[in-house]
Participant: 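Structure provided below as C-alpha cells; questions to follow.
Reminder, nothing fancy here: chain letters follow the sequence lines and each chain counts from 1.
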2 protein chains.
Amino acid sequence: MNNKDAIACLAALAHEQRLAIFRLLVKEGPSGLPAGEIADAVDATPTGASFHLKELDRAGLIHATRVGRYIRYSVHFDRMRQLLTFLTEDCCQGNPELCGSTIKKARKVCTGEAK
Amino acid sequence: MNNKDAIACLAALAHEQRLAIFRLLVKEGPSGLPAGEIADAVDATPTGASFHLKELDRAGLIHATRVGRYIRYSVHFDRMRQLLTFLTEDCCQGNPELCGSTIKKARKVCTGEAK
DNA sequence: GCAATAATACAAGAGTTATTGAATTATGCA
DNA sequence: TGCATAATTCAATAACTCTTGTATTATTGC
C-alpha cells in the first residue's frame, strides 16, 4: 500500500453511504451481499448505490461477483488490513508505550506480521 | 465515534499532504512538531500547511499547542484508535476466523478493550 | 515601541465529486 | 422469444474542496 492507494481507500470511505456500505459488509463477512440488498440497507437509490459500490471497488476495498442475476459485494479484507497498517506504521518511532497504548501491537495483529 | 465523526476523520486523511502530515506526526509521537517544520517536511506552503492542519484538527485527529511563537501539532492518539475501532467493528459478525485473520483481536488491542 | 519571525485568516477562481433521471446491459423464467 | 428483475452507464446540474495570493494576528528580542 502506497500513499496513492491509501488516499483512494480513505476518500472512498469518507462518504456517508459508502461508509455505511463498508461497515455493513465488514459485519457481513466474506459471503457479502447483493447490490439491491445493500442499497435498501443504506437507503440509497439503485443508481446511487451502484455509483458508490463502484467507488469502493475502484479503491480495492470491496469486490464484486456475479451470482445469477445478482451481483454480490464483499469486503476485500487484505486491502482493509493494509490500510490499517499503513495508518499506524512506525507509530512513535517504534515506542508504542509513548502513545499510551499499543497501536504497534495492533498493527502486528492486523497484518499477521511476526516482526 | 459516530458516522459523522468517522467521515470527518477519513475525509481529513484522504488528501496527499494531509496524509503525509498525519503519518509524519504518527511517527513523531506525542511531542509533535511545529507547523513550519511540518510544512517543510511535506513540501507545503505556509498557507497550505495551515489549511491542512486545520482540517486535521477539525476532524480531531491532531491538536495544536502554542509554545512561544511556534505552534506544535501532535496526533490525538485516542481519536486515531477510535477510528480504527469504528472501521473494524463487529467484523464478520464476531467470527474473525471468517476473514482469514484477526481483525477483531486487532481491534481489542487498538482500543485496550478486555471484552 | 519596532522589526522580524511563525503562523493563521480571508477571498476568488479552478477543479473535483455527488446527485438525479433516463437509457442500457445482463440474466432468468415462462 | 418476450417479459420482468437486477444492476449499471451516461449526461447534466449542483455542491463541495483545493489552491493561490494577500492581509492579519501573535510572539520574541532589540
Side-chain angles (χ1 to χ4, degrees), chain A residues 3-25 28 31-76, chain B residues 3-25 28 31-76:
Chain A
N3 251 54
K4 274 207 192 326
D5 290 339
I7 290 164
C9 288
L10 292 162
L13 292 171
H15 181 281
E16 171 120 41
Q17 287 182 328
R18 288 197 297 265
L19 183 57
I21 289 171
F22 180 77
R23 299 220 311 149
L24 175 66
L25 292 178
E28 198 59 30
S31 57
L33 290 171
E37 211 165 310
I38 295 170
D40 287 348
V42 305
D43 259 315
T45 60
T47 298
S50 186
F51 173 78
H52 294 308
L53 286 165
K54 195 182 61 190
E55 288 297 300
L56 286 165
D57 185 50
R58 230 164 34 103
L61 285 167
I62 65 175
H63 80 280
T65 321
R66 185 176 276 278
V67 179
R69 76 175 102 175
Y70 299 87
I71 297 180
R72 292 189 80 91
Y73 286 91
S74 54
V75 170
H76 185 180
Chain B
N3 250 55
K4 275 207 191 325
D5 290 339
I7 290 164
C9 289
L10 293 163
L13 293 171
H15 180 280
E16 172 121 41
Q17 287 182 328
R18 287 197 298 264
L19 183 57
I21 290 172
F22 180 78
R23 299 219 311 148
L24 175 66
L25 293 178
E28 197 58 31
S31 56
L33 290 171
E37 213 165 309
I38 294 170
D40 287 349
V42 306
D43 260 313
T45 61
T47 298
S50 185
F51 172 79
H52 294 309
L53 287 165
K54 196 182 60 188
E55 288 297 300
L56 287 164
D57 186 49
R58 229 165 34 101
L61 285 167
I62 65 176
H63 80 282
T65 320
R66 185 176 275 278
V67 179
R69 76 176 103 176
Y70 299 88
I71 297 180
R72 292 189 80 90
Y73 286 91
S74 55
V75 169
H76 185 181

Participant: Looking at B:R72, is its backbone amide N or carbonyl O close enough to the side chain of B:E37 to form a donor-acceptor pair, meaning the two atoms are under 3.5 Å apart?
Facilitator: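 Not at all, since once roles are kept as given, no pair shorter than 3.5 Å links the two residues.
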Participant: Find the distance between CD1 (A:I62) and CD1 (A:I38) and round it off to the nearest 0.5 Å.
Facilitator: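 Here the interatomic distance stands at 6.5 Å.
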Participant: Do A:L13 and A:L56 have side-chain heavy atoms sitting under 4.5 Å apart?
Facilitator: yes
Participant: May I ask you to decide if the ring planes of B:H76 and B:H63 are parallel, tilted or perpendicular, using 30° and 60° as cut-offs?
Facilitator: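 Perpendicular.
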Participant: Return yes if the base of C:dT19 and the side-chain atoms of A:T47 contain a donor-acceptor N/O pair under 3.5 Å, otherwise no.
Facilitator: no
Participant: Send over the distance from A:Q17 CD to C:dT20 C1', rounded to a whole Å.
Facilitator: 13 Å
Participant: Using atom CD of A:E37 as one end and atom P of D:dT5 as the other, report the distance to the nearest whole Å.
Facilitator: 17 Å
Participant: Quickly work out the A:E16 CD to D:dC16 P distance and round it to whole Å.
Facilitator: 14 Å
Participant: Does A:H15 place a side-chain N or O at less than 4.0 Å from the phosphate oxygens OP1/OP2 of C:dT16?
Facilitator: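 The answer is no; no side-chain N or O of A:H15 sits under 4.0 Å from OP1 or OP2.
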Participant: Which whole-number value in Å describes the distance from B:L53 CG to C:dA7 P?
Facilitator: 9 Å
Participant: B:L10 CG to D:dC16 P: how many Å, rounded?
Facilitator: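 The answer, rounded to whole Å, is 19 Å.
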Participant: Rounding to a whole Å, what distance do you find between A:I7:CD1 and D:dT17:C1'?
Facilitator: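 Checked: the CD1 to C1' distance equals 15 Å.
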Participant: Taking only side-chain N and O atoms of B:H52, does any of them lie within less than 4.0 angstrom of OP1 or OP2 on D:dT17?
Facilitator: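 Looking at the OP1 and OP2 atoms of D:dT17, neither is under 4.0 Å from any side-chain N or O of B:H52.
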Participant: Between atom CD of A:E55 and atom CZ of A:R18, what is the distance when rounded to the nearest 0.5 Å?
Facilitator: 5.0 Å
Participant: Report the nucleotide, chosen from D:dT8, C:dA6, C:dT8, that has the shortest atom-to-atom distance to any side-chain atom of A:S50.
Facilitator: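 Shortest atom-to-atom distance from the side chain points to D:dT8.
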Participant: I want to confirm an ordering. Mapping A:R66 and A:T45 to their closest nucleotides on DNA chain C, which one lands closer to the 5' end?
Facilitator: A:T45
Participant: For a quick check of understanding: with a heavy-atom distance under 4.0 Å over all strands, which category does B:R72 fall into, base, sugar-phosphate or nothing?
Facilitator: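 Answer is nothing: B:R72 stays at 4.0 Å or more from every strand.
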Participant: Report the distance from atom CG of A:L13 to atom P of C:dA18, rounded to the nearest whole Å.
Facilitator: 12 Å
Participant: Does B:R69 have a side-chain nitrogen or oxygen under 4.0 Å from the phosphate oxygens OP1 or OP2 of D:dG29?
Facilitator: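 So the side-chain polar atoms of B:R69 never come under 4.0 Å of the phosphate oxygens OP1 or OP2 of D:dG29.
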Participant: Please report the distance, rounded to the nearest Å, between CZ in A:F51 and C1' in D:dT9.
Facilitator: 12 Å
Participant: If you assign each of A:G68 and B:Y73 to its closest nucleotide in DNA chain C, which residue comes earlier from the 5' end?
Facilitator: B:Y73
